[in-house]
Amino acid sequence: VEACATLDPRDVDEVVSVFRRASSNAEAPGEPGASCPSNPADAAAWVVEQERNLGWRTLEHDASAREALREAFGTPPPLDAVLDRLARSVVAENLATTSGIRAGHSSSSAGDDRNTEKNQSGGALCLALASRALCRRAASGDGDAVARLTKAVSPKESEKNNLASAADRTRDERARIELARALASVAAPPRGTLGEEVEREAFLLEMAKKRKNEETENSADADGTGPPRPPRRTKKGRTDAFETLLAHSAFDASMPSRRDGLVPDLTDEDGQTRLFRVLSRNDLEGDLSTDGDTGNDADGPSEDFLISPLSAWLLSRSMPAAWRVKWRRVFCSKTHGASFATLTSLCEDAGPTLVAIETDSKHVVGGVASTSLVSSAAFFGDARSFVFSLGRRRRKTSEAKGEAKGDGEEEEEETRTKSCYDFGASRATGANDHFCYCARGFVSGRFPNGLGFGGQVGHHCVFLDAGFETGHWRASAATFGGARLFPTETGADWGTFKVSAVEAWAVDGDFKARLMAERRAENR
C-alpha cells in the first residue's frame, strides 16, 4: 500500500506491463494499460491480483524468471543489484515488524507464523514496486530513503567510515564507481574515442569519491610534523555529489519509459539543433557538418564545450523537473567573444540560466540563477539557485594519445597535494537570500561590474569580472554553505583565477518562446 501511495498509477502500470511481457504464464496478450486504481489500498489489491495471475509469486526464486525480468526491464546490472538489496531490506523490515507483532500474541500457532512470514515477504512484483518506491522517495528528499539507498550501494560500509577496514572501504568505493559507470552508460553512452574516455572516467571517479570526514581534513600531515590545515566550515545535512545523483537517477534509470529524461536535450541557440547528438554521429576527425549544420563548426567537437552530457546529467539532478528537459546554449565566449555586455543581453529573457566558467588551470565552476540575468545593485533569484564545481577538464583527444597514463599519474599526485573541494552542486542553505548578483555599467566601486553567486557584494562564492579576464572565489559565503569550489595547496578559504572561457545555458529551454508568445498575446 505504501509503494502504491508513493508511485504514480502510470508507474505501477508500467512495472506490471514489464512483468507481463516477461512472464510465460501471462494469459492475456495485451498490455494492462491504465488499469491501476488511484486509491492506494485498491491499487495494492490490484497488484497482488496481477501478481497471482502472472504466476510471479511462485517464480520469485526461479533463476530463469529473474533473468527474464532483467532483460525486460533492461536495468544495468549494478543498479539491478542495488534494487535487489533494497527489496530484501523491505522483506527484512516487514519480517521484523511481524516478529514484533507475534511477540505480543503468544497464542499464535507455528503454522500461522509461517503463513504470516510468507505473506509478508511478498512476491517479485510487489518487491519490485517497493524498491522503486524507495527510490522515488529518495528522489523527493526523504532522508531515510536516501540512507537506505546509499547503504544498498555499499552494504558492507560501517556506520562510521573510520572504523571500517581498508578492504571494506576499497570494496565500497569500487561499488560506487561501478554504479556510477552503469548510470552514466544509461544517461550518456560513451562514443569510444580515447580522449573522451579519459575525461569520462576521471569525471566518474571524481563523482563517486567520498567526501572526507571533517576530522580527517583538519588533522596534521601524515608524518605528524606539519601544521594542521585550516578548519573547514561544517556542512551538516549536505550529501555528496554521488548520493545526490543516485537519489535522483535511480528511479528514472529503473523505469524504461523514463530513461530518455536522464540527460536534458542540449541544443544550440535556435533551440532545435541537438548539439551532442548530431556531433556524436560523426567521427572527431571527420566533417562535423554532416546531418545538418550545427551552427558551431568553429567550436569543434563536443569535448570543447564546457557543459558535456555527463556534467548536464549531474547538474540537472539538482534542478526542478521542468529544468531537466531542454537546455539551450545562449552564449559562448569562443563564438560571441569575451564580452560581458553580450552575455547579459543574450541572457536577458532566457529564464533560469546556468553560467559555466573555465579557468586557465582547466577547472570548470559556475552557478545557476533561477531567473533571467538582470543588471541591478541588488541580489535576485531564489533557493533553486546553486553553485557548482565540475573539477578539472582533461586533455583533448589529440593530446591524450600515448599520454593518458602519464597524465593520470600526474593528476593523482596533484590531487594528493591539494585540499578537497566540493564536487558537484552546492545548494542554498537558507542563511540569506544573496543568490545571484549581476552588475553592468556601474561606475561606483561600491558595486563591481560582473556576475556573482552567493556571499556579499565583492565577496562572492564565485564571481566573474565584467572584463572576462579574472574572477574570485570564497569558501566562507554562507549562502551556499561555505562551498569550496577550488582545491588549493594551502587550504585557503579564498582565491582568484584567470578566465579561459565562459558559457551560458538557458536551462528552461522553451522559456523565451513562451515569454514571447505571452507578450504577443498581450499586445493583441
**Prompt:** Do the ring planes of Phe19 and Phe73 sit parallel (below 30°), tilted (30 to 60°) or perpendicular (above 60°)?
**Reply:** perpendicular

**Item:** Backbone N/O of Ala478 and side chain of Thr429: donor-acceptor pair under 3.5 Å
**Value:** yes

**Request:** Quick one: list whatever passes salt bridge (Lys or Arg N to Asp or Glu O under 4.0 Å) with Glu49, sequence neighbours left out.
**Result:** Arg52

**Request:** Evaluate the side-chain proximity of Val15 to Met255: yes if any heavy-atom separation is below 4.5 Å, no if none is.
**Result:** yes

**All side chain to side chain contact (heavy atoms under 4.5 Å, CB included) counterparts of Asp84, not counting sequence neighbours** = Arg88

**Partner residues of Ala72 under the side chain to side chain contact (heavy atoms under 4.5 Å, CB included) criterion, sequence neighbours left out** = Val18, Ala22

**Request:** Measure the CD-CG distance between Glu67 and Leu69 for me, rounded to the nearest 0.5 Å.
**Result:** 9.5 Å

**Asked** Between Arg181 and Glu178, is the closest basic N to carboxylate O distance under 4.0 Å?
**Response** yes

**Message:** Could you work out, with side chain to side chain donor-acceptor pair (under 3.5 Å) as the rule, every residue matching Ser257, not counting sequence neighbours?
**Reply:** Glu14

Please tabulate, for side-chain N and O atoms in residues 384-391, each donor-acceptor pair with protein atoms closer than 3.5 Å (sequence neighbours left out).
unit_1, atom_1, unit_2, atom_2, d
Arg384, NE, Asp382, OD1, 3.2
Arg384, NE, Asp382, OD2, 3.4
Arg384, NH2, Asp382, OD2, 3.0
Ser385, OG, Ser370, N, 3.2
Ser385, OG, Ser370, OG, 3.3
Ser385, OG, Asp382, O, 3.1
Ser389, OG, Leu485, O, 2.9

**Fill in**
Across all chains, not counting sequence neighbours, the side chain to side chain donor-acceptor pair (under 3.5 Å) partners of Thr479 are Asn432

**Side chains of Leu310 and Met207 in contact at under 4.5 Å (non-hydrogen atoms)** = no

**Request:** Can you see which heavy atom on Val186 is nearest to which on Pro76, and at what distance?
**Result:** CG2-CG, 3.3 Å

**side chain to side chain donor-acceptor pair (under 3.5 Å) partners of Asp433, counting only residues at least two apart** = none

**Message:** Working to the nearest 0.5 angstrom, can you tell me the gap between Ser140 OG and Phe251 CZ?
**Reply:** 10.5 Å

**Asked** Any side-chain heavy-atom pair from Leu262 and Arg317 closer than 4.5 angstrom?
**Response** yes

**Asked** Taking all non-hydrogen atoms of both residues, which atom of Ala425 and which atom of Ser318 are closest, and how far apart?
**Response** CB-OG, 3.6 Å

**Qualifying residue for side-chain hydrogen bond (donor to acceptor under 3.5 Å, both in side chains) with Arg136, from Asp11, Thr6, Asp8** = Asp11

**Prompt:** Any side-chain heavy-atom pair from Thr371 and Cys436 closer than 4.5 angstrom?
**Reply:** no

**Item:** Contacts of Glu2 that satisfy salt bridge (Lys or Arg N to Asp or Glu O under 4.0 Å) - sequence neighbours left out
**Value:** Arg137

**Residues that Arg258 engages under salt bridge (Lys or Arg N to Asp or Glu O under 4.0 Å), provided they are two or more places apart** = Asp252

**Asked** Hey, does the side chain of Asp422 reach the backbone of Arg484 with a donor-acceptor pair shorter than 3.5 angstrom?
**Response** yes

**Asked** Any side-chain heavy atom of Ile177 sitting closer than 4.5 Å to one from Leu204?
**Response** no

**Item:** Test side chain to side chain contact (heavy atoms under 4.5 Å, CB included) applied to Leu83 and Ser254, step by step
**Value:** CA-CA 9 Å; Leu83 294 172; Ser254 68; 3.8 Å; yes

**Request:** Go through the steps for Trp46 and Val12 under the test side chain to side chain contact (heavy atoms under 4.5 Å, CB included), then give the verdict.
**Result:** CA-CA 10 Å; Trp46 179 80; Val12 177; 4.1 Å; yes

**Request:** Determine whether Thr244 and Arg427 make a side-chain contact, defined as any pair of heavy atoms from C-beta on separated by less than 4.5 Å.
**Result:** no

**Asked** About how many Å separate OG1 of Thr353 and CZ of Phe511, when rounded to the nearest 0.5 Å?
**Response** 8.5 Å

**Asked** Got a second to check how far Leu183's CG is from Arg259's CZ, nearest 0.5 Å?
**Response** 10.5 Å

**Asked** Does the side chain of Arg20 come within less than 4.5 Å of Gln50's, by heavy atoms?
**Response** yes

**Request:** Would you please name every residue forming a side chain to side chain contact (heavy atoms under 4.5 Å, CB included) with Pro77, sequence neighbours left out?
**Result:** none

**Prompt:** Step by step, would you call Leu179 with Leu79 a side chain to side chain contact (heavy atoms under 4.5 Å, CB included)?
**Reply:** CA-CA 6 Å; Leu179 183 54; Leu79 180 58; 3.9 Å; yes

**Message:** Looking at every heavy atom in both Leu86 and Cys135, which two are closest together, and how far apart are they?
**Reply:** CD1-SG, 3.8 Å

**Message:** Using every non-hydrogen atom in the two residues, find where Trp313 and Ala180 come nearest and quote the distance to one decimal.
**Reply:** CH2-O, 4.1 Å

**Asked** How would you list, by chain and number, every residue that makes a salt bridge (Lys or Arg N to Asp or Glu O under 4.0 Å) with Asp349, sequence neighbours excluded?
**Response** Arg519

**Fill in**
Nearest heavy-atom approach of Ala87 to Ser131 is N-CB, 4.1 Å

**Request:** Applying side chain to side chain donor-acceptor pair (under 3.5 Å), name anything that partners Thr267, two or more places apart in sequence or on another chain.
**Result:** none

**Request:** Please confirm whether the backbone N or O of Ala312 pairs with a side-chain atom of Ser316, one donor and one acceptor, at under 3.5 Å?
**Result:** yes

**Item:** Distance in Å, His434 NE2 paired with Cys461 SG, rounded so as to fall on 0.5 Å steps
**Value:** 14.0 Å

**Message:** Please report the interatomic distance NZ(Lys512) to CD(Glu348), rounded to the nearest 0.5 Å.
**Reply:** 8.5 Å

**Message:** I'd like to know whether Val82 forms a side chain to side chain contact (heavy atoms under 4.5 Å, CB included) with Leu149, so could you lay out the CA-CA distance, the side-chain angles of the two residues, the decisive distance to 0.1 Å, and finally the verdict.
**Reply:** CA-CA 8 Å; Val82 170; Leu149 182 57; 3.9 Å; yes

**Message:** Does any part of the side chain of Leu266, heavy atoms only, come nearer than 4.5 Å to the side chain of Arg329, both counted from C-beta?
**Reply:** no

**Item:** Closest non-hydrogen atom pair, Ala3 against Leu129
**Value:** CB-O, 3.9 Å

